[in-house]
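Below is one structure, written out as structure tokens, with a few remarks after it.
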Amino acid sequence: MTVRLRFAPSPTGYLHVGGARTALFNWLYVRRHGGAFILRIEDTDVERSSADMVTGILDSLRWLGLDWDEGPGVGGPHAPYFQSERLSKYREAAAHLVADGHAYHCYCTPDELKARREAVESTGGAWRYDRRCRELSADEIARRDAAGEAHVVRFRVPDGETSFDDLVHGRITVAHDVIEDFVLVRSDGHPTYQLSVVIDDVEMEMTHVVRGDDHISNTPKQILIYRALGAPVPAFAHVPLILGPDKKRLSKRHGATSVGEYEGQGYLPEAMVNFLALLGWSPGSGDQEVFTREELVARFTLEGISGGNAVFNPEKLDWFNQQYLARMSPDAIVARLRPTLEAAGLWRSDLDSARQAWMAQVVELVRPRVRKLTDFIPLLRPFLDDEVVRDPAAEAKYLNAAGVHEHLQAWRDRLASVEPFDAATTEAALRALADERGIKAGPLIHATRVAVTGQAVSPGLFDVVALVGRDRVIARLDAALHAAGVSRS
RNA sequence: GUCCCCAUCGUCCAGCGGUCAGGACGCGGCCCUUUCAAGGCCGAGACUCGGGUUCGAUUCCCGAUGGGGACGCCA
């Protein structure tokens, strides 16, 4: 039997890292076993759902490379894949459950329920629906329906207990007396999550349900529905939640939580996938941490998911991103960088054509100093912009240090004739000049760095000088000397 | 409050009765060095507690404690 798993987000917000990891685990399992990955949009809550959020979630999933075999955009044998377009199925199923005695109409209003709940809780008791409408006579039901009284449909929870073998937690048993007669259909006719999720998972022939830990307590309720329907129960795997540094459920106040934000900050999707895969999951033995997508697919097992919640560690994400950047070809990095450079106004049309080789060298040079794509911007600026803006503090400390101007002027003149103008030769020239003048090379190097890059820190100076090129280096030295009030010799 | 889940370095994991308790991120030091990174080497750092079971428990069982989740006409 081929496995069928699904990711079923509710479009009430962007795809957050927790959802992304759940989707990833589903996807990895499907790709590992050659099954089908279904994407279903759970938008039965009309109030909170929006089409924009659907688009955003789909974009994030695509960015991560988690492609689906059935669902929005690709269709499939069980279309539609939006719950809002499947309402009649739920209504029909609910009617059957009522007819079979597995569910019943409840006429209690929200206000009445609230009052009764508060009364019970004020005495310290635990409230569960008091089943007031559970045994209404057929006559009374007919009368109240005829009178047009609003009602919900509640599931008739039987006595006993329900157990299931969770693929990450093992056997979980829940006594039915802690489960209330939950609502299947709201008074406006819309199904609740409990109903729609089961109906769709049955109809879409899901073999496994891999979802967040927060659904563990829903599972017995849903199994009860499967049984009432006479439908086969899928295997369940509940993956632990992702927490913030304070061990609280990851949320906005912990910083970036949506996949889109990470994309915008310059993270690579492959790094995000690798990081998320290893957050709460382990391939078992071995010290390997960096895995290609194919390796993850080949090694993924649900049993490898740990039972406890995991704290999100942004530093490690950074490290993964750096690892991927280090393994990529400079040309590939330039391609990924293009939108970022364009946004910063630093893209030049010849960077991937006439100056491709040069650009590759520049990227190679700054790469070890970068963790995210956006980190490239300040480092690349001295190479891509003709003018540099000097950092005042760096200027004061190195460029205007005592006695530096005179040496810098001589160095500028020496550079004009150095041949070839490469890192090794310019370095030899600077050191020779320093020797001749009886000074240390350091101050001259630092002053040159500030003049050429505007910054106190940069990659190896002579590599920078060689790649910025003779004309621009000399122009920047002149500009720096001029700004310092040194007249041209 | 009730029910459920979880428990190894600060964090993420390995361990599945006998290990010097291993790796990674982060942190500290050294090397390299013109700065900053990167890289190499070294280091600090954990089995929550109490009972059992056993020749022997980090590992199995029970309890406590701690953390998390769920208790909606949200999903």
Side-chain angles (χ1 to χ4, degrees), chain A residues 8-12 42-45 47-49 83 106 108-110 113-114 117 121 124-129 150-154 166 168-170 172-175 177-180 182-194 196-197 211-220 238 240-241 243 245 247-249 275 278-290 304 306-320 322 326 366-371 379 394 398 427 430-431 440-446 448-450 453 455-462:
Chain A
S10 182
T12 55
E42 308 219 322
D43 54 353
T44 53
D45 183 354
E47 304 284 295
R48 301 196 303 149
S49 300
Q83 290 193 325
C106 167
C108 301
T109 67
L113 256 15
K114 185 165 180 255
R117 158 185 288 258
E121 288 179 344
W127 161 264
R128 269 181 292 282
Y129 173 61
H151 69 269
V152 298
V153 175
R154 285 184 185 272
D166 190 277
V168 349
H169 294 292
I172 295 176
T173 301
V174 175
D177 55 16
V178 302
I179 304 175
E180 71 171 5
F182 53 96
V183 174
L184 296 174
V185 181
R186 301 178 243 232
S187 53
D188 66 359
H190 276 76
T192 60
Y193 163 75
Q194 309 290 3
S196 59
V197 76
R211 77 232 293 198
D213 240 356
D214 48 344
H215 285 295
I216 286 183
S217 57
N218 286 325
T219 306
H238 288 94
L241 273 17
L243 274 26
K247 300 288 180 76
K248 300 295 183 193
R249 197 171 173 162
F275 169 72
L278 261 34
L279 187 61
W281 173 77
S282 162
S285 57
D287 292 341
Q288 189 177 346
E289 298 260 342
V290 178
S306 71
N309 295 335
V311 173
F312 190 83
N313 183 349
E315 285 79 26
K316 187 134 190 188
L317 206 210
D318 282 355
W319 178 79
F320 272 112
Q322 191 173 49
V366 304
R367 157 157 63 185
R369 277 151 257 262
V370 151
R371 288 169 95 77
L379 291 169
Y398 295 115
E427 174 164 11
L430 182 138
R431 293 192 188 283
K440 284 186 176 281
L444 202 45
I445 289 173
H446 289 128
T448 306
R449 185 195 319 283
V450 177
T453 70
Q455 301 295 319
V457 300
S458 81
L461 179 70
F462 301 101

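Everything numeric here is computed off the predicted structure, so don't read it as measured data. Sequence lines set the chain letters: A, B, ... in the order given, protein chains first and strands last, and positions in each chain run from 1.
The base of B:C3 has none of its N or O atoms less than 3.5 Å from a complementary donor or acceptor on the side chain of A:Ser217. No hydrogens or angles were tested; on distance alone, a donor-acceptor pair under 3.5 Å links the side chain of A:Arg449 to the base of B:U34. A:Asn218 contributes a side-chain N or O that forms a donor-acceptor pair with the base of B:A75 under 3.5 Å.
For B:G26, the OP1/OP2 oxygens have a side-chain nitrogen or oxygen of A:Arg371 closer than 4.0 Å. Dashed line: the shortest gap from a side-chain N or O of A:His169 to OP1 or OP2 of B:C6 is under 4.0 Å. Contact annotation: A:Arg117 does not reach the phosphate of B:C71 (side-chain N/O to OP1 or OP2, under 4.0 Å). For A:Arg249 and B:A70, the shortest distance from a side-chain N or O to OP1 or OP2 is below 4.0 Å.
Checked against B:G72, B:A37, B:C3, the side chain of A:Arg369 finds its nearest nucleotide in B:A37. Closest to the side chain of A:Ile445, out of B:C73, B:U34, B:A38, is B:U34. Of all nucleotides listed (B:G68, B:C5, B:U35), B:G68 comes nearest to the side chain of A:Leu241. The side chain of A:Val174 sits closest to B:C3 out of B:G67, B:A75, B:C3. The nucleotide whose nearest atom lies closest to any side-chain atom of A:Glu315 is, among B:C25, B:C4, B:C73, B:C25.
Pairing partner, B:C3: B:G69, with both Watson-Crick or wobble hydrogen-bond distances short of 3.5 Å. With a 3.5 Å ceiling on both atom-pair distances, the Watson-Crick or G-U wobble partner of B:G22 is B:C13. Remark: B:G43 base-pairs with B:C27; criterion is Watson-Crick or G-U wobble with both hydrogen-bond distances under 3.5 Å. Nucleotide B:U33 has no partner under the Watson-Crick or G-U criteria, as no pair reaches both atom distances under 3.5 Å.
Distance check on atom C1': B:A37 versus B:C20 gives 35 Å, rounded to whole Å. Atom name P, nucleotides B:G52 and B:U59: the rounded distance is 14 Å, in whole Å. On the P atoms, B:C9 is 22 Å away from B:A64, given to the nearest whole Å.
Along RNA chain B, the nucleotide closest to A:Glu42 and the one closest to A:Pro368 are compared, and the more 5′ of them pairs with A:Pro368. Between A:Leu317 and A:Ser10, it is A:Leu317 whose nearest contact on RNA chain B lies nearer the 5' terminus.
For the pair A:Gln288 and A:Val290, the tightest heavy-atom approach, listed with the atom from each and the gap, is NE2-O, 2.9 Å.
At a threshold of 4.0 angstrom between heavy atoms, the contacts of A:Gln288 with the nucleic acid are absent. In this structure, A:Ser196 reaches neither bases nor backbone, as no heavy-atom distance under 4.0 Å exists between it and the strands shown. Among the atoms of the strands shown, none is found under 4.0 Å from any heavy atom of A:Tyr398.
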So which protein nitrogen or oxygen atoms get under 3.5 Å of nucleotides 8-16 of chain B's nitrogens or oxygens?
| residue | atom | partner | partner atom | Å |
| --- | --- | --- | --- | --- |
| B:U11 | OP1 | A:Lys247 | NZ | 3.4 |
| B:C12 | OP1 | A:Val311 | N | 3.0 |
| B:C12 | O2' | A:Leu278 | O | 2.9 |
| B:C13 | OP1 | A:Gly280 | N | 3.0 |
| B:C13 | OP1 | A:Ser306 | OG | 3.1 |
| B:C13 | O2' | A:Ser282 | OG | 3.1 |

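Cation-pi geometry between A:Arg154 and A:Tyr129 is met: the NZ or CZ atom falls under 6.0 Å from the ring centre, inside 45° of the normal.
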